[in-house]
Amino acid sequence: MQAKITLLPGDGIGPEVVAEGVKILKTIGQKFGHTFQFTEALAGGIAIDETGNPLPDESLAACQRADAVLLGAVGGPKWSDPSAKVRPEQGLLRLRKELGLFANIRPVKVYPALADASTLKREVVEKVDLVIVRELTGGLYFGQPQGRRDNEQGRAAVDTMYYTEMEIRRLMRVSFELARQRRKKITSVDKANVLASSRLWREVAHEVATEYPDVAYEDILVDSCSMYLIRHPSDFDVIATENMFGDILSDEASMLVGSLGMLPSASLAEGKFGLYEPIHGSAPDIAGKGIANPLATILSIAMMLRTSFDLSQEANAIEQAVEAVLIDGHRSADLAMPGQPKVSTTEMGDLVSESIVNS
Ligand code: IPM
Ligand code: MG
């Protein structure tokens with residue numbers, strides 16, 4: 001097959017890990033006879049520096065022309081002054097909205113070879129295999145009104161959690177479809193004891209659940225979900241939730257794996273289009289040192305191949321290669337135990353690539 005992929009390397013370690021993702025796509029292309037065409041575009045802090053805009057129109061257009069997008073990371077201390085008029089994150093939010101990326105899929109799977117990397121006990125985390133499906137274009141992130149409301153009493157500000165039934169329904173359908181391909185269990189997370197938007201969420205989620213009688217369904221309040229994620233994380237299969245709850249719970253869940261450097265993500269629109277990115281962010285403290293872990297990006301490529309291009313065999317080849325490299329004992333700096341040898345970003349990419357070639 002042929003596919004057009006737009007690369008948004010972004011800031012910090014973004015360019016370093018995206019380079020390894022491209023390496024893996026080229027290896028897959030050679031081995032399985034596919035042609036991937038790459039276009040690189042600016043996004044985030046680097047785009048602010050070069051154009052004054054965190055998402056220039058030509059970058060958005062390059063994404064719209066593509067079959068899929070690979071994003072590295074955006075942001076960093078250079079652009080994080082709270083009084084700054086433009087911030088890298090605005091580029092990311094505009095990208096999500098303009099590309100209609102309403103469903104953010106964040107798998108959290110513990111590799112047996114890494115079960116000791118978590119701060120939690122091995123027996124708590126070793127069977128964890130869950131996916132958070134986070135609503136990505138609604139809720140507090142986009143609801144209006146939003147902004148400063150200073151008045152005679154002093155400073156004030158407002159954000160709005162707003163959801164329509166259409167937004168909830170389409171997110172729940174994606175979640176149920178995913179659960180059908182997995183262990184057939186959904187946990188819908190809300191705060192229905194307090195929030196009106198959560199009561200609507202629960203009402204609509206129950207309606208969608210009747211369309212999927214083969215999937216076990218439960219609701220849980222967000223505070224208690226955050227507790228169960230630590231207490232008994234292997235109980236979860238698919239967790240479906242709104243934008244802000246999903247942002248917070250996915251960072252919490254990432255720690256079950258021990259390193260953010262292992263976690264991929266996909267942000268999906270209606271149809272096959274998606275944006276794929278490692279969830280670790282720009283990690284400015286280690287940028288430019290060649291020590292970042294590229295595995296989250298490489299695993300994001302596997303999600304891209306499976307979800308946007310229907311190439312499951314190729315996706316499996318990548319995931320098996322990552323597992324094989326870990327079983328062989330290769331560790332990037334974030335995964336190494338004290339005294340254990342460390343491989344660099346490019347060495348890790350080479351190891352996975354070789355493993356794919358030899359598989
Ligand atoms: C994430 C990040 C973003 C978010 C930030 C960078 C805007 O935390 O993707 O989880 O809050 O969505
Ligand atoms: Mg986040």
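We count ligands from 1, going down the list as the structure has it; atoms in each ligand are counted the same way.
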Could you tell me if [Y] and [X] have a donor-acceptor pair between their side chains, going purely by distance under 3.5 Å?
| X | Y | value |
| --- | --- | --- |
| D81 | S83 | yes |
| R306 | N316 | yes |
| T6 | T39 | no |
| D11 | W79 | no |

Only heavy atoms count here, so choose which of R87, E277, E89 is nearest to atom 6 (C) of ligand 1.
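It is E89 that holds the nearest heavy atom.
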
Which of the N/O/S atoms in D247 sits closest to the Mg ion (ligand 2)?
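Checking each N, O and S atom of D247, the shortest distance to the Mg ion (ligand 2) belongs to OD1.
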
Which residue owns the protein heavy atom closest to [atom], what's the atom, and how far is it?
| atom | result |
| --- | --- |
| atom 3 (C) of ligand 1 | R96 NH2, 4.0 Å |
| atom 2 (C) of ligand 1 | D247 OD1, 4.1 Å |
| atom 1 (C) of ligand 1 | R106 NH2, 3.3 Å |
| atom 4 (C) of ligand 1 | Y141 OH, 3.5 Å |

Would you say K272's side chain and D67's backbone share a donor-acceptor pair under 3.5 angstrom?
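Not a single qualifying donor-acceptor pair exists.
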
With no hydrogens and no angle check, is any side-chain donor or acceptor of T160 less than 3.5 Å from a backbone partner on P145?
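At least one qualifying donor-acceptor pair exists.
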
Going by the atom numbers of ligand 1, which of them fall below 4.0 Å from some non-hydrogen atom of R134?
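Listed by number with element: 1 (C), 4 (C), 9 (O), 10 (O), 11 (O), 12 (O).
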
Answer side chain, backbone, both or neither: which part of Q90 comes under 4.0 Å from ligand 1, heavy atoms only.
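No part of Q90 comes within reach of ligand 1.
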
